[in-house]
Amino acid sequence: MRDSEFRRQHSDAPGPAIATQTISLSPRIDIHASGANVALNRWPNIECSEIDAGIRVGTVPSWKPGWGRVRTVMLTFPEAIQFLPPKEDADDGELKSIRPPKPKRDPEDGEGGSERKKPTRLKPPSDALSLEDRLFYILQPPLETTLAGQELIMPFEPFPHQYEGIGWLFSQKHALLADEMGLGKTMQTITAVRLLLRSGQVRRILFVCPKPLIPNWQREFRTWAEELPIVTVEGDTNRRRMIWTMPGVPILMTNYELLSRDFAEMHEDDRPKFDLVVLDEAQRIKNRDSKTAEIARSITRKRSWALTGTPIENRPEEMASLFEFMEVVPPNATPDLKQLSRLADVYVLRRVKELVMKDMPPRLDRDEILELTPAQQYAYRIAEKEGVVQLNEMGDQISVANVFELVLRLKQITNFDPLTGESAKLDRLVADMEEIASSGGKAILFSQWTKVLDWMKPALEPFGPLIYHGGVPTKKREPILKQFKEDPTKHILLMSYGTGAVGLNLQFAGYVFLFDRWWNPAVEDQAINRAHRIGQKSTVIVTRFISKDTIEERIDAVLRHKRAIFESVLGPGDKTNISLSLDAAEIFGLFDLKAPAGKGSRMKKVAPKIPSQSDQDAA
């Protein structure tokens with residue numbers, strides 16, 4: 001290869017200049033005439049060697065294709081559009097079976113629900129300021145994904161509002177779950193506790209509830225969180241002290257009476273500490289000056305949850321006591337209605353059945369206005385006349401307690417005549433129960449007095465009556481409820497308001513009778529919601545017995561007037577939590593009496609004393 005040609009092909013390759021010369025490979029040889037040196041005409045042996053020329057050959061650059069950007073258009077179809085299958089051919093004359101739609105939830109249990117379209121994401125609490133804390137909640141998978149996994153087995157699919165409640169509780173350190181009775185507060189709380197324990201947010205939890213509800217909580221834990229060990233504080237003093245200090249127990253459960261008794265005997269330094277304290281039926285601490293409320297507030301804790309379907313039973317001040325336990329208001333604070341409403345927007349979650357369970361069977365209320373029997377009318381007129389005369393004779397010495405004594409006496413006569421035992425209410429109840437029993441239905445009856453329940457039981461023997469009130473030992477209560485549910489011959493359960501109005505699931509009963517009226521409609525609604533709750537498959541018929549031209553009609557008028565007062569704290573749509581503290585003028589007005597001077601101030605809750613449970617709630 002010539003030098004000029006080589007340079008032309010590698011002109012792009014940098015390198016030093018090279019000097020070259022041409023060497024002929026045919027050497028010139030002289031041969032003598034004599035013939036000497038003839039061997040020189042033979043080709044010589046040539047040896048080759050490599051010489052680095054110092055030339056770097058250039059590399060070809062890589063080639064990448066350049067694609068042009070494709071223009072795209074996104075189309076979203078509205079959810080309402082449905083692609084219907086093609087119409088079938090004309091009917092060939094054969095009959096076709098019509099089947100009902102498949103149920104979306106378990107028909108027996110009220111804590112399950114239908115599928116949810118949108119996933120439930122955990123929201124960071126308002127007090128989570130650091131990026132790490134907020135990312136902890138934001139990066140959590142949807143609740144539906146977590147609860148559908150193999151680690152957390154759920155016996156039934158929760159309802160959409162229950163998903164919302166679980167996520168809300170999980171992210172709250174101070175929370176008041178005030179769902180209406182029957183929406184599954186127990187299930188939401190247990191599931192949120194499972195998630196907290198699983199994520200390591202809490203390690204030691206205390207549940208406090210009325211003693212009659214402890215078996216109910218134990219049963220619900222076995223249903224919704226069977227993997228969680230629970231220890232109930234019970235037994236004598238030494239055993240309870242040992243349980244309080246026992247290490248390695250994630251969940252302790254006790255009742256309000258034992259909590260007050262045991263913590264009062266402990267030194268403050270010896271009291272156990274908890275990551276979470278849950279108060280069920282938290283209205284038990286509505287009186288902030290009570291010993292129970294003081295003990296509850298003194299528990300060392302990081303999170304405070306309260307559960308109640310009636311956060312306000314009589315006065316808005318009762319909610320301030322709950323907020324004080326939740327540590328969202330200073331001690332002894334007295335927030336006004338506007339402040340309570342603002343606090344409720346942040347720390348209270350309240351749903352009512354009418355808004356979240358629109359597919360739930362309706363509740364039909366009817367007031368049965370009954371005429372007293374002749375014997376009852378005679379006894380009632382005599383008792384009222386003599387009672388009013390005695391009240392007038394007392395003059396300025398008259399008190400609200402004196403008026404209440406007359407009211408209770410008259411209400412008992414409207415139930416039955418004390419001499420003859422005649423009862424217009426019982427006659428009507430027997431007639432209704434004949435129809436209910438013939439169709440295989442079940443009914444619940446509520447009364448203020450346990451003696452009234454015992455009195456009417458013999459007349460209801462054809463319907464297999466069962467009694468459930470404070471006088472029944474705690475160990476016998478669960479078997480009574482199980483028998484009422486499973487025995488087809490037991491058609492009616494006689495209950496007292498004080499024991500049967502809270503914490504029980506009786507959604508298999510389709511009829512509720514209020515034999516005598518309670519003073520607070522919130523308590524009546526609690527009792528009715530034992531049957532009208534999630535899982536109920538039929539319409540619940542509620543019958544209130546009201547005796548005509550008696551004190552019951554007058555009290556009913558006052559309660560109806562009060563029912564429209566209280567929506568400012570919990571918002572519209574809530575018809576169960578009403579301020580029903582009557583002043584002295586209203587009390588005396590039941591008998592057209594005027595309250596003496598100085599007795600027109602606000603008074604305590606208007607209600608007869610709930611049957612005491614101290615004998616059962618003791619250790």
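We're numbering straight along the sequence, starting at 1.
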Indicate the atoms forming the closest heavy-atom contact of [X] with [Y], along with that distance.
X    : Y    : answer
N287 : A293 : O-CB, 3.3 Å
G471 : H469 : N-ND1, 2.9 Å
D417 : T420 : OD2-OG1, 2.6 Å
G470 : R477 : O-NH2, 3.4 Å
R351 : H161 : NH1-O, 2.9 Å
G165 : L349 : CA-CD2, 3.8 Å

So does [X] pair up with [Y], basic N to acidic O under 4.0 Å?
X    : Y    : value
R350 : D179 : no
E368 : R428 : yes
K425 : D432 : no
R288 : E318 : no
R297 : E324 : yes
D516 : K411 : no

>> Walk me through whether M495 and L445 qualify under side-chain contact (heavy atoms from CB on, under 4.5 Å).
In response: CA-CA 6 Å; M495 312 185 78; L445 181 141; over 6 Å; no
In Å, rounded to the nearest 0.5 Å, how long is the span from [atom1] of [X] to [atom2] of [Y]?
X    : Y    : atom1 : atom2 : value
W305 : M326 : CH2   : CE    : 11.5 Å
I467 : L493 : CD1   : CG    : 9.5 Å
T550 : L370 : OG1   : CG    : 10.0 Å
F263 : T254 : CZ    : OG1   : 8.5 Å
R409 : Y380 : CZ    : OH    : 11.5 Å
E461 : F463 : CD    : CZ    : 10.5 Å

>> Let's go through C209 and W217 carefully: what are the C-alpha distance in whole Å and the side-chain angles of both, what is the deciding distance for side-chain contact (heavy atoms from CB on, under 4.5 Å) to 0.1 Å, and is it a yes or a no?
In response: CA-CA 9 Å; C209 65; W217 273 98; 3.8 Å; yes
> In terms of heavy-atom contacts, does CD of E268 have more than 12 from other residues, nucleotides or ligands at under 6.0 Å?
Replying inline: no
Within the 3.5 Å criterion, strictly below it, is a donor on [X] or [Y] matched to an acceptor on the partner's side chain?
X    : Y    : result
S298 : R271 : yes
E220 : T186 : no
S547 : E553 : no

Close side-chain approach of [X] and [Y], heavy atoms under 4.5 Å:
X    : Y    : result
Y497 : L514 : yes
D280 : V208 : no
V452 : L494 : no
L307 : E281 : no
F545 : F513 : yes
V277 : F325 : yes
K185 : T308 : no
N415 : F515 : yes

Quick check against the 3.5 Å criterion: does [X] have a side-chain atom that pairs as donor or acceptor with the backbone of [Y]?
X    : Y    : result
Q448 : R517 : yes
E386 : A383 : no
N392 : V388 : yes
K490 : P465 : no
Q377 : T373 : no
R303 : Q172 : yes
R301 : I299 : yes

> Please walk me through it: do E478 and K482 pass side-chain contact (heavy atoms from CB on, under 4.5 Å)?
Replying inline: CA-CA 6 Å; E478 282 295 313; K482 183 178 181 181; over 6 Å; no
>> Between E552 and T414, is the side-chain hydrogen bond (donor to acceptor under 3.5 Å, both in side chains) condition met? List the steps.
In response: CA-CA 8 Å; E552 288 188 329; T414 60; 3.3 Å; yes
>> Walk me through whether R284 and E257 qualify under salt bridge (charged side-chain N to carboxylate O under 4.0 Å, His left out).
In response: CA-CA 11 Å; R284 293 286 293 267; E257 287 74 21; 2.6 Å; yes
> Does K211 count as lying over the ring of Y256, i.e. NZ or CZ under 6.0 Å from the six-ring centre, within 45 degrees of the axis?
Replying inline: no
>> Determine whether T189 and L177 satisfy the following criterion, side-chain contact (heavy atoms from CB on, under 4.5 Å), listing intermediate values before the conclusion.
In response: CA-CA 9 Å; T189 304; L177 183 58; 4.2 Å; yes
